[in-house]
Amino acid sequence: MLLPQDIIRTKRDGGELDAEAIHTWIRGVVDGSIADYQSAALLMAIYLRGMTAAETAHLTEAMMHSGEVISLPEITAPRVDKHSTGGVGDKVSLILAPLAAAAGLCVPMISGRGLGHTGGTLDKLEAIPGFRVALDTSAYRRALQRTGVALAGQTERFVPADRILYALRDITATVECIPLICASIMSKKLAEGIDALVLDVKFGRGAFMKTLDDARRLAEGMVAIGRAMRRPTWALLTAMDRPLGRAVGHSLEVIEAIESLKGRGPDDLMEVTLALTARMLVLGGLAPDPESAAVRLREVLASGAALEKFRAIIAEQGGDPGVIDDYDRLPRARRIVEIPSTESGYVVDIDAMRIARAGICLGAARRRVEDAIDHAVGVAAIRQVGEAVDVGEPLCCLHVNDEAGLEEAVALARSAFSLGERPPDQPPMILGEIS
Ligand code: URA
C-alpha cells in the first residue's frame, strides 16, 4: 500500500510520481483519508521540485475524474470553450459565447468568480437581474440544447479535488506554480464536456503572469495536457498591461459587452475577442483558418444574430433580457465622478493594476471570499492609448456608491494614466500563439 508520506518523500527528493501515486493522492484528498497537512506538504514539494509533463497530465486526469465528468452526446454541434487566465476589464466571454454560438458552435462554459484583482465572468453575469449561474447538470444540458451556450458556476460535484486543493494552495503560498495551475484549469475545462479549447493566456501588469516567458510556459503546459487528453487546445498570449476596453466593473462591463454585440466595441477588446472566437471556429471545424473565421464572425456580428443570441441566453438563465435595450435595468451607481486630466497630450500608457485597484476601492471586488460585491460601481469611459486629451477633459469616470474609498480611488485612477507629446505606436495585443 502506498502511504502519503511515501508520495511526499518521492517528490521531496526530486523523484517522479507515477500515475498510481497521483491517483492515490487525489482519491485521498476527496475521501478525506489524506490529511490537509499531508497535501500541503506535497503541494510545497511540487512547488519546489516542479512536475514533468507526464505527472501534470496524470494530476489533471485524476482531478478531472474526482467528481462528475459531464458528457454531452445529445449535442451535435462542435463543443468548444474558451478560458482566460484573468485580467482587468476582461469581458471577452460575454461577447465570445453568444458570437460563437450564433456562428454554429456549442459553448459549455463553467467559469469562476473574481480572483485577486481580476473580475470573474460569474460575478459580471450576476449584475444582470435574475441571471442564475448555479445550474445543475440538467439545467446546464437544457441551456446548451436550447441556446447552444451554458454560462455556469462550479457545483459541489464538479472537480471537488480542485476546490480542496485550491483552498490549501491559497493559504500555503503554492498558487504560483505552473504545473498546479495547468492541472487546476485543465481539469475543470476537460470535465465540462468539451471537444476542444481555446486559451487566452494573459501577461503583463494586470495579469497573474507578469512576463511573456511565464505566459508561454503556462500556455505550453496547458496545450500539452489538452493534447495528451485528445482535446485540441490552442492558446493565444495576449497583452494585459492596460485594461481591456473602456470599462472595469460588473454592470459597466455588461454594458460594454452589449455595445460590442451591437457593433460598437472598442478596438482592443474586439481584436482579442475575434481572434479567440475565430480559433474556436477553426477547432470546431467550422472554418479552415482564423482569417476566414474572422470574416464569418464579422458577418454574424453585423447581422445582429450574436446580440439576439445573448438575449436568448439571458432569458434561458432567468435573467432580464430587457437589459439589452435599457441599461438602466442593470444596477447603476448613485454618482459619477470624472477624473480630469491635469495636462494636455496623448495617452501613452494606462496601468491596468491601478485601474483595478481603483475599482476595488469603490467596492467592485471582494477583499474576502464571503464579501458581497457592488455590481454598479467601477471605472468607465477609460481613455484609450493614443487618444488626445486636453486639460480638464476626463481621463475616465468613477461610478460611485460608497464614498469611503473614493479618495483613494481618485488618486489611483489619476495616477494610472501617463500622457506624452506624441501618440505612441500601438503595442500589439496578441504576442504569440501555441497550437
Ligand atoms: N485559476 C484556476 O482555476 N486555478 C489556478 O490554479 C489558477 C487560476
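All ligand and atom numbering here is 1-based and tracks the order in the structure.
Heavy-atom distances between Tyr166 and ligand 1 reach below 4.0 Å in at least one pair.
Defined by atom type and a distance below 3.5 Å, a donor-acceptor pair is missing between the side-chain atoms of Gln145 and Tyr140. Judged purely by distance below 3.5 Å, without hydrogens or angles, the side chains of Ser138 and Asp136 pair a donor atom with an acceptor atom. In summary, the side chains of Lys202 and Thr85 do not present any donor paired with an acceptor at a separation below 3.5 Å, with no hydrogens or angles considered.
Counting the atoms of ligand 1 from 1 in the order shown, those under 4.0 Å from a heavy atom of Ser184 are 2 (C), 3 (O), 4 (N), 5 (C), 6 (O).
A salt bridge does not link Glu220 to Arg217: none of the charged nitrogens lies less than 4.0 Å from a carboxylate oxygen.
Every N/O-N/O distance between Asp162 and ligand 1 stays at or above 3.5 Å.
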